[in-house]
Amino acid sequence: MLSIVSSNLKKSKLSGLNIPKRFLEVFVHDKEGNKHAIEFEEGDTLFEAVENAGHSFIPGSCNGGIACGECVVFVPEGQMENVSELEEDEKDCMEATGTTHPSARLACGLILDEDSEGIEFKLK
Ligand code: FES
């Protein structure tokens with residue numbers, strides 16, 4: 001039996017079966033240009049993943065509520081298909097706050113999954 005569990009494997013709390021759960025990782029460049037490795041679970045928004053990692057460098061006065069439009073990140077060229085689709089509430093918030101760049105998304109509207117692993121997002 002394999003007894004070594006890497007640092008990005010953690011026990012699943014939900015299953016009760018002690019099956020190692022794999023955490024995935026993306027990267028976020030903050031406004032100062034620092035690159036942060038961010039672990040996430042599938043279904044986390046990018047905003048949640050950054051906060052769960054103990055960081056607060058993504059602005060967001062609505063605290064992830066898709067209302068303030070402050071948490072804008074840019075998705076690298078060719079990676080838009082590897083993040084969740086733009087939903088109506090996110091689109092409306094971006095339009096209301098004047099965010100029109102085709103690579104822009106709201107970190108609190110962008111849901112991560114295994115296809116998102118390794119993407120390097122940049123803060124606006
Ligand atoms: S945190 Fe306010 S819109 Fe994302």
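Just so you know, ligand 1 is whichever comes first in the structure, and atom 1 is the first atom listed for that ligand.
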Which of the atoms in ligand 1, numbered in the order shown and given with their element, are less than 4.0 Å from a heavy-atom of [X]?
X	answer
Ala67	3 (S)
Cys71	1 (S), 3 (S), 4 (Fe)
Ile66	3 (S)
Cys108	1 (S), 3 (S), 4 (Fe)
Gly64	1 (S)
Gly60	1 (S)

Are the side chain of Glu90 and the backbone of Arg105 linked by a donor-acceptor contact shorter than 3.5 Å?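 No; judged by distance alone, with no hydrogens or angles, the pair does not exist.
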Students should be able to answer this: which protein heavy-atom is nearest to atom 3 (S) of ligand 1, and at what distance?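 For this ligand atom, the closest protein heavy atom is Gly69 N, 3.2 Å.
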At less than 2.8 Å, would any N/O/S atom of Cys68, backbone or side chain, sit next to atom 4 (Fe) of ligand 1?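 It does not: Cys68 brings no N, O or S atom closer than 2.8 Å to atom 4 (Fe) of ligand 1.
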Do the ring planes of His36 and Phe57 sit parallel (below 30°), tilted (30 to 60°) or perpendicular (above 60°)?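 Taking Phe57 first and then His36, their aromatic rings lie parallel (interplane angle under 30°).
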Within 6.0 angstrom of Glu85 CD, more than 12 heavy atoms from elsewhere: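 No, because the 6.0 Å sphere around CD of Glu85 holds 12 heavy atoms or fewer from other groups.
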Test of understanding: clusters of I, L, V, M, F, W, Y form through side-chain heavy atoms closer than 4.5 Å, transitively. Do Leu24 and Leu46 belong to the same one?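 Cluster IDs for Leu24 and Leu46 match.
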If Ile, Leu, Val, Met, Phe, Trp and Tyr residues are connected whenever their side-chain heavy atoms lie under 4.5 Å apart, and connections chain through other members, are Val83 and Val28 in the same group?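 Linked, Val83 and Val28 end up in one cluster.
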Side chain or backbone of Ser61 under 4.0 Å from ligand 1, or both, or neither, by non-hydrogen atoms?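 Neither part.
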Less than 4.5 Å apart, any side-chain heavy atom of Gln79 and any of Glu120?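 In short, these two side chains do not touch, never coming nearer than 4.5 Å.
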Heavy-atom check, side chain of Ile119 versus side chain of Phe27, under 4.5 Å: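 Sidechains of Phe27 and Ile119: no contact.
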May I ask you to check if any N/O/S atom from Cys93 comes under 2.8 Å of atom 2 (Fe) of ligand 1?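 Within the cut-off used here (under 2.8 Å), Cys93 places no N, O or S atom near atom 2 (Fe) of ligand 1.
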